[in-house]
Visitor: 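Submitted below is the structure of interest, expressed as structure tokens.
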Amino acid sequence: MKFLHLVWSNLRRKKLRTSLTLLSILVAFVLFGFLAAIKHALAGGVELAGADRLIVRHKVSIIQMLPESYKARMERIPGVVLATHQTWFGGIYQDPKNFFMQNPVVPEEFLAMHPELILAPGQKQAWLKSRTGAVVGRKTADRFHWKIGDRVPIQSTIWSKPDGSRVWEFDIVGIYDGKDKGTDTTALFFRYDYFDEVRRQSWGKGQVGWYTIRVKDPAQAADVAKRVDQEFENSSAETKTEPEGAFVQAWARQIGNIVMIVAAILGAVFFTILLVTGNTMAQAVRERTGELGVLKAIGFTNGQIVSLVLAEACLLTVLGGGLGLGLAWLVISRGDPTGGLLPMFFFPTRDLLIGLGISVVLGIVTGIFPAYQAMRLRVADALRRM
Amino acid sequence: MNTQGNDTLVSVDGVEKIFHRGAEEIHVLSNLQLRVPSGEFLALMGPSGSGKSTLLNLIGGLDRPTRGTVSVAGERLDQLSDHRLAAWRARHVGFVFQLYNLMPMLTAERNVELPLLLTHLSKAERSQHVKAALAMVGLSHRERHYPRTLSGGEQQRVGIARGIVTDPTLLLCDEPTGDLDRKAGDEILNLLQGLNREHGKTIIMVTHDPHASARAARTVHLDKGQLSNEPVK
Ligand SMILES: Nc1ncnc2c1ncn2[C@@H]1O[C@H](COP(=O)(O)OP(=O)(O)OP(=O)(O)O)[C@@H](O)[C@H]1O
Ligand SMILES: [Mg+2]
């Protein structure tokens, strides 16, 4: 640390050159940050969709329902570990614009199926005890300022109660978080047993919207899907089984090409940065041969000289990289620039760390050759060139 | 602090130094002998290109002889590894150069502090040593100045402060007054003489200037690779 002043003083020597180099590094890292956020926003859905989960829906359309009794039959199919169902409730809270999903589920099965939804154990217990209880995602809870203990009225567009009213009231007993930033935490889930009992008077009793099943081995998912559909062939409700991420994947494949083009551009930018910084460092060392000679005469070892030059290069790239990543983070955290196309637009912490890592590597790569030259300098020769 | 005595501090024995410039061999020093007792102020004179700087570099552990031995305070410099030699320099020698060789981006005090960065001294201790060294060369009021804002004489005094701040065994000066006018040069010589007389520093000073060498206790002359006590005719 006591050498920091010495390292820093060398960067101040040619202020314009240092600033320009810093600026080009900064721009490269801002670009890097944006690409990371865009790539994540586009590919996020695909990565997050559980690779071991299949969705089973009615063969004709998603609107048509499946019997509740299918669950037991599905779980007997080889390769299926767990099956659980959800049903479209189609509720409106206050205003149709306030869209978010609300589905009745069987709490324990549902939570077991979706480990990416984190619910505190106490809240889970509360949910199991309260028939009218519901859990809601952090994002929606924050949006409507809901707290645990609140009773929220939701008007279903589909399901009416025995008295003919369509306003259902749920007690918020839990607020779940996503395992990572990319997890959707907008939906509300309530208990199927309560739902099924209340809707009894109208229609659809014992019918559910769709099933999610977990397969033992994701590699066998396609086979399992085929077996499920065969199981219900020629029944009153034939099924169509697909991987959870299938639809997102098809979309992402088209986007993938765009990502590749941007990645190629970024590669070129970083290569240029490598040359720019490398040149800066080479010059910085060449023009102070004499000074390096003095340091050696004073007793700086070769190792210390190498460290000084590497530290200088790294200071330059980490400073530029850090500022660039910081700026990218600031702009990205203001949210989706497309106004809705990229709902999961954020700077993933992992890419932030990768960016910092790249900036260090950049420093070492650009500093290593000048550092080697500085090390090889013979003191007596260097002093002659002061 | 070294006590003035007659025990040999520097001994150069049978030293030969050959430089290679392409295929050409340049014999600079041949079978050279030199003993410098501890506490001596020695002037080294000789024509340009005679090898004065080369000899000084050998004594300061900046270069190795082609043949022969160089020992300082009992340590065989010609046998130390690069790494050990660097550590040895940090502890035992201070250099003063003709062109001061200060770091232009560092203030006077930071320049003087440089050799102390290689020690285990704390920040407070370093600052104390720096102040003492700058006071010794009479530059306490210039500690925050950058080299370019100092006169040549002042820069050289900073250079001397840097050379003595670690209290080295040996101070090696290569034409310390070579770039200064008579008045500034005299101040530097007074300073070196004071360091030698009052603080017992052993000093070897290369110079072209008889006026400067007159301040030393002894003068040796280098010519054709050999030392003699008489000036070259
Ligand atoms: N690294 C080197 N490679 C080749 N030749 C060298 C090298 N260092 C010194 N020499 C040669 O050795 C000779 C002695 O050089 P040196 O610098 O010791 O002379 P000097 O007595 O200090 O001269 P001056 O009074 O001009 O400083 C010169 O001819 C010089 O060109
Ligand atoms: Mg010389």
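Numbers restart at 1 for each chain; the letters A, B, ... are given by sequence-line order, proteins then strands. Only heavy atoms go into these numbers, but all of them, side chains included; no hydrogens, no water, no symmetry mates.
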Visitor: Starting from the C-alpha separation in whole Å, work towards a yes-or-no answer on side chain to side chain contact (heavy atoms under 4.5 Å, CB included) for L102(B) and E291(A).
Guide: CA-CA 8 Å; L102(B) 301 177; E291(A) 289 175 42; over 6 Å; no
Visitor: Got L118(B) and Q304(A) here, is their nearest side-chain heavy-atom distance under 4.5 Å?
Guide: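 Side-chain contact under 4.5 Å: yes.
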Visitor: Around atom CZ of R17(A), are there more than 12 heavy atoms from other residues, nucleotides or ligands closer than 6.0 Å?
Guide: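 Enclosed: over 12 neighbouring heavy atoms sit under 6.0 Å from CZ of R17(A).
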Visitor: Are any non-hydrogen side-chain atoms of K2(A) and L116(B) less than 4.5 angstrom apart?
Guide: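 Sidechains of L116(B) and K2(A): no contact.
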Visitor: Is it the case that over 12 heavy atoms from other parts of the model lie below 6.0 angstrom from the OH atom of Y146(B)?
Guide: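 Result for OH/Y146(B): enclosed.
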Visitor: To the closest 0.5 Å, what do you measure between CG (D174(B)) and CG (L383(A))?
Guide: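 Going from CG on D174(B) over to CG on L383(A), the span is 9.0 Å.
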Visitor: Side chain, backbone, both or neither: which part of T119(B) has an atom under 4.5 Å from a heavy atom of chain A?
Guide: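 T119(B) touches chain A through backbone heavy atoms alone.
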Visitor: Has R12(A) got more than 12 heavy atoms of other residues, nucleotides or ligands less than 6.0 Å from its CZ?
Guide: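 Yes, enclosed.
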Visitor: Go through the steps to decide whether R288(A) and M103(B) satisfy the test side chain to side chain contact (heavy atoms under 4.5 Å, CB included), and finish with yes or no.
Guide: CA-CA 9 Å; R288(A) 56 174 200 271; M103(B) 303 285 149; over 6 Å; no
Visitor: Above 12 or not: heavy atoms from other molecules or residues under 6.0 Å from CH2 of W88(B)?
Guide: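 Correct, the count exceeds 12.
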Visitor: How far does CG of L117(B) sit from CG of L308(A), to the nearest 0.5 angstrom?
Guide: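 Answer rounded to 0.5 Å: 9.0 Å.
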Visitor: Return yes when atom NE2 of H5(A) has more than 12 non-hydrogen atoms of other residues, nucleotides or ligands closer than 6.0 Å, and no otherwise.
Guide: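 Buried by this count: over 12 neighbours within 6.0 Å.
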Visitor: Distance-only, no hydrogens or angles: does the R13(A) side chain make a donor-acceptor pair with backbone N or O of M105(B) under 3.5 Å?
Guide: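 Between the backbone of M105(B) and the side chain of R13(A) there is no qualifying donor-acceptor contact (under 3.5 Å).
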Visitor: Can you tell if the side chain of I298(A) reaches within under 4.5 Å of the side chain of F95(B), non-hydrogen atoms only?
Guide: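 Sidechains of F95(B) and I298(A): no contact.
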Visitor: Should we say atom CZ of F19(B) is surrounded by more than 12 heavy atoms from elsewhere, each under 6.0 Å from it?
Guide: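 Yes, CZ of F19(B) has more than 12 neighbouring heavy atoms, counting only those of other groups under 6.0 Å.
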Visitor: Output, in order, the C-alpha distance, side-chain angles, deciding distance and verdict of side chain to side chain contact (heavy atoms under 4.5 Å, CB included) for N302(A) and D82(B).
Guide: CA-CA 8 Å; N302(A) 281 337; D82(B) 278 0; 4.3 Å; yes
Visitor: I'd like to know whether CZ of R76(B) has more than 12 heavy-atom contacts from other residues, nucleotides or ligands below 6.0 angstrom.
Guide: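 For R76(B), atom CZ is crowded (more than 12 foreign heavy atoms under 6.0 Å).
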Visitor: Below 4.5 Å from any heavy atom of chain A, which atoms of R162(B) appear? Answer side chain, backbone, both or neither.
Guide: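 For R162(B), the contact with chain A is made by the side chain alone.
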Visitor: Please classify the contact between R110(B) and chain A as side chain, backbone, both or neither, with a heavy-atom cut-off of under 4.5 Å.
Guide: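 The answer is the side chain of R110(B).
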Visitor: Between R378(A) and L62(B), is the side chain to side chain contact (heavy atoms under 4.5 Å, CB included) condition met? List the steps.
Guide: CA-CA 8 Å; R378(A) 291 183 56 254; L62(B) 296 180; over 6 Å; no
Visitor: Can you establish whether the number of heavy atoms outside H92(B) located under 6.0 Å from its atom NE2 is more than 12?
Guide: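 Atom NE2 in H92(B) is crowded, with more than 12 foreign heavy atoms closer than 6.0 Å.
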